[in-house]
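Structure first, then comments.
In listed order, ligands and their atoms are each counted from 1.
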Amino acid sequence: LRSICGDDGVSQGEAIREQHGKDESMHRCRPPDVVVFPRCVEEVSALARVCHKHHLPIIPFGTGTGLEGGVGAVKGGVCFSLRKMGQVLDLHQEDFDVTVEPSVTRKALNAYLRDTGLWFPVDPGADASLCGMAATSASGTNAVRYGTMRESVLNLEVVLADGTILHTAGKGRHPRKTSAGYNLTNLFVGSEGTLGIITKTVLRLHGIPEATVSAVCSFPSVQTAVDSTVQILQAGVPIARIEFLDDVMIDACNRYSALSYQVTPTLFLEFHGSERSVEEQVKITENITQSNGGSDFQWARDAETRNRLWKARHDAWYASLALRPGCKAYATDVCVPLSRLPQIIVETKDDLIENRLTGPIAGHVGDGNFHCLIVLDPSDPEELQRVHLFTDRLARRALAMSGTCTGEHGVGLGKKALLREELGPTTIQVMQLLKDALDPKNLMNPGKIL
Ligand SMILES: Cc1cc2nc3c(=O)[nH]c(=O)nc-3n(C[C@H](O)[C@H](O)[C@H](O)COP(=O)(O)OP(=O)(O)OC[C@H]3O[C@@H](n4cnc5c(N)ncnc54)[C@H](O)[C@@H]3O)c2cc1C
Ligand SMILES: *[C@@H]1O[C@H](CO)[C@@H](O)[C@H](O)[C@H]1NC(C)=O
Ligand SMILES: *[C@@H]1O[C@H](CO)[C@@H](O)[C@H](O)[C@H]1NC(C)=O
């Protein structure tokens with residue numbers, strides 16, 4: 001390995017291995033045997049060939065912000081930390097696309113794009129690597145308007161377990177649409193490092209809107225907040241963000257971010273467009289929220305107020321933790337068809353109260369996706385058990401409502417059994433066939449997804 005990426009490109013130090021054996025989830029640290037730091041795709045490929053020859057597991061590592069234990073080396077092996085590959089390449093302004101290497105994060109890309117009038121909208125709360133986001137099929141608050149990573153990736157450069165370098169849509173290609181054969185790009189989006197190492201991602205960009213307006217609105221119930229969301233979408237308002245916070249979450253955010261919103265179910269909204277279009281969107285939305293009993297519709301045009309609002313939303317994780325100092329947070333992530341959202345949130349809140357759990361709820365409600373941020377004491381085995389049973393019930397509730405056990409965090413280590421229930425044996429078998437075809441020795445991130 002040293003002969004490929006140099007003495008400082010290989011580390012067996014305990015601290016480095018520990019750092020690379022865990023993400024931001026509750027899964028315990030599973031350090032790899034060694035961490036390598038390749039500088040280019042040729043080195044990634046050469047390292048993979050060595051691993052292939054010697055039957056060593058390969059675990060790709062982005063920024064370690066994952067929430068499902070995806071980077072844990074459950075069978076030991078070699079962690080490929082891609083942090084030395086951090087270039088932004090081939091910005092095509094007129095084509096609205098750009099190519100990034102694995103350690104470029106979403107914030108770094110948007111800083112790079114600052115003077116071009118373009119931006120990349122997909123935003124999980126964390127400043128994650130864009131290739132890692134492709135690997136988990138991440139999304140976030142802007143997905144309701146701009147789509148998830150699935151809609152954002154045009155092409156991928158991938159290194160397979162045996163070192164083969166592959167361009168999923170053909171080398172150098174970046175058309176906006178295609179009917180050319182199987183969609184291998186989509187196969188690798190969401191593959192969580194189990195099929196190959198993503199070494200370049202070609203991303204779709206968007207124009208920065210002329211005007212942006214944010215708004216906050218309080219509701220008498222979960223049902224009225226979700227009804228408003230459905231009606232806003234039905235009215236054809238191209239809403240950019242529509243985030244739900246339950247009473248417990250808004251209370252936590254009030255305390256943590258020194259705000260003073262009413263402690264009731266709340267929507268945070270954002271509108272993008274021309275001045276006139278935004279004005280019209282706000283008017284229609286205000287009308288809809290009022291007819292559903294929403295009150296306190298406060299809107300903000302200035303960047304400072306808007307930033308304070310969205311910072312509070314992105315700090316929801318830390319606001320939740322502050323509810324029980326010294327505890328840890330565990331984020332659930334189910335997604336259901338929109339029409340089932342009020343019912344599942346109401347049932348979930350009852351379940352939390354019945355089982356004496358602290359679990360503020362925040363959701364990308366325009367997509368039917370929500371998170372319970374359960375704050376728990378990890379040294380209390382009885383509480384851990386209660387949380388475990390709760391999260392299983394929540395996922396099964398989502399499956400019973402024709403939804404999915406994960407809207408955006410992925411399967412990782414903890415949701416393998418739920419995935420089988422969700423897809424059924426035939427679909428799982430076909431997935432296993434694909435896995436066996438691309439990685440017959442089961443070296444790529446073993447123990448995850450399947
Ligand atoms: C506070 C907080 C809020 C979050 N909010 C959201 C949210 O709203 N929406 C959301 O979707 N996620 C959210 N996340 C989760 C996380 O940010 C995403 O899952 C993100 O996509 C992980 O990217 P990463 O680079 O950190 O990946 P890692 O954690 O490094 O890896 C995740 C998985 O991807 C694989 N992987 C990483 N890089 C590559 C690569 N180059 N090639 C192949 N496989 C690779 C790894 O092997 C692993 O299986 C949040 C996380 C935190 C801490
Ligand atoms: C193929 O998949 C990618 C990634 O999910 C997606 O962006 C693209 O639109 C898909 N292409 C077609 C033709 O469906
Ligand atoms: C709200 O919508 C109703 C029904 O479409 C309409 O009659 C009314 O004029 C609207 N009110 C405002 C303030 O736009």
Exercise. Should Asn442 and Lys75 count as side-chain neighbours, where that means a heavy-atom distance under 4.5 Å?
Worked result: yes
Exercise. How would you list, by chain and number, every residue that makes a ring-ring contact (aromatic ring centres under 6.0 Å, His included) with His92, sequence neighbours excluded?
Worked result: His174
Problem set entry | Nitrogen or oxygen atoms of Thr185 and ligand 2 under 3.5 Å apart | no
Problem set entry | Taking atom 9 (O) of ligand 2 as the reference point, the nearest protein heavy atom with its distance | Arg204 NH2, 4.0 Å
Exercise. For ligand 2, which part of Asn186 has a heavy atom less than 4.0 Å away: the side chain, the backbone, both, or neither?
Worked result: both
Seminar exercise, completed: By side-chain contact (heavy atoms from CB on, under 4.5 Å), Asn307 pairs with (sequence neighbours left out) Ala303
Seminar exercise, completed: Ala329 meets the side-chain contact (heavy atoms from CB on, under 4.5 Å) criterion, sequence neighbours left out, with Trp317, Leu321
Problem set entry | Residue and atom name of the nearest protein heavy atom (relative to atom 13 (C) of ligand 2), distance in Å to one decimal | Thr178 O, 2.8 Å
Exercise. Can you find an N/O atom of Val153 closer than 3.5 Å to an N/O atom of ligand 2?
Worked result: yes
Exercise. Cut-off 3.5 Å, side chains only: do Arg173 and Asn155 have a donor facing an acceptor?
Worked result: no
Exercise. Are the aromatic ring centres of His206 and Tyr146 under 6.0 angstrom apart?
Worked result: yes
For this session: For the residue pair Ser214 and Trp310, confirm or rule out a side-chain donor-acceptor distance under 3.5 Å.
Result: yes
Exercise. Going by an N to O cut-off under 4.0 Å, is there a salt bridge joining Arg204 and Glu151?
Worked result: no
Exercise. Closest non-hydrogen protein atom to atom 4 (C) of ligand 2, residue and atom name please, with distance?
Worked result: Arg150 O, 3.0 Å
Note every protein N or O atom lying under 3.5 Å from an N or O atom of ligand 1, pairing the names and giving the distance.
unit_1   : atom_1 : unit_2 : atom_2 : d
ligand 1 : 5 (N)  : Gly125 : N      : 3.2
ligand 1 : 8 (O)  : Glu408 : OE2    : 3.2
ligand 1 : 9 (N)  : Ser139 : O      : 3.2
ligand 1 : 9 (N)  : Glu408 : OE1    : 3.4
ligand 1 : 9 (N)  : Glu408 : OE2    : 2.9
ligand 1 : 11 (O) : Ser139 : N      : 3.0
ligand 1 : 11 (O) : Glu408 : O      : 3.4
ligand 1 : 17 (O) : Thr65  : OG1    : 2.8
ligand 1 : 21 (O) : Thr136 : OG1    : 2.8
ligand 1 : 25 (O) : Thr63  : N      : 3.0
ligand 1 : 25 (O) : Thr63  : OG1    : 2.9
ligand 1 : 25 (O) : Ser129 : N      : 3.4
ligand 1 : 25 (O) : Ser129 : OG     : 2.7
ligand 1 : 26 (O) : Thr63  : N      : 3.4
ligand 1 : 26 (O) : Thr63  : OG1    : 2.7
ligand 1 : 26 (O) : Gly64  : N      : 3.1
ligand 1 : 26 (O) : Thr65  : N      : 2.8
ligand 1 : 26 (O) : Thr65  : OG1    : 2.8
ligand 1 : 29 (O) : Thr65  : N      : 3.3
ligand 1 : 29 (O) : Gly66  : N      : 2.8
ligand 1 : 30 (O) : Gly62  : N      : 2.8
ligand 1 : 30 (O) : Thr63  : N      : 3.2
ligand 1 : 30 (O) : Gly64  : N      : 2.8
ligand 1 : 41 (N) : Ile198 : O      : 3.0
ligand 1 : 42 (N) : Ile198 : N      : 2.9
ligand 1 : 47 (O) : Pro60  : O      : 2.7
ligand 1 : 47 (O) : Asn445 : ND2    : 3.4
ligand 1 : 49 (O) : Gly70  : O      : 3.2
ligand 1 : 49 (O) : Glu192 : O      : 3.2
ligand 1 : 49 (O) : Asn445 : ND2    : 3.3

Exercise. Where is the nearest protein heavy atom to atom 2 (O) of ligand 2: which residue, which atom, and how far?
Worked result: Asn183 ND2, 2.5 Å
Exercise. Taking atom CZ of Arg308 as the centre, does the number of heavy atoms from other residues, nucleotides or ligands within less than 6.0 Å exceed 12?
Worked result: no
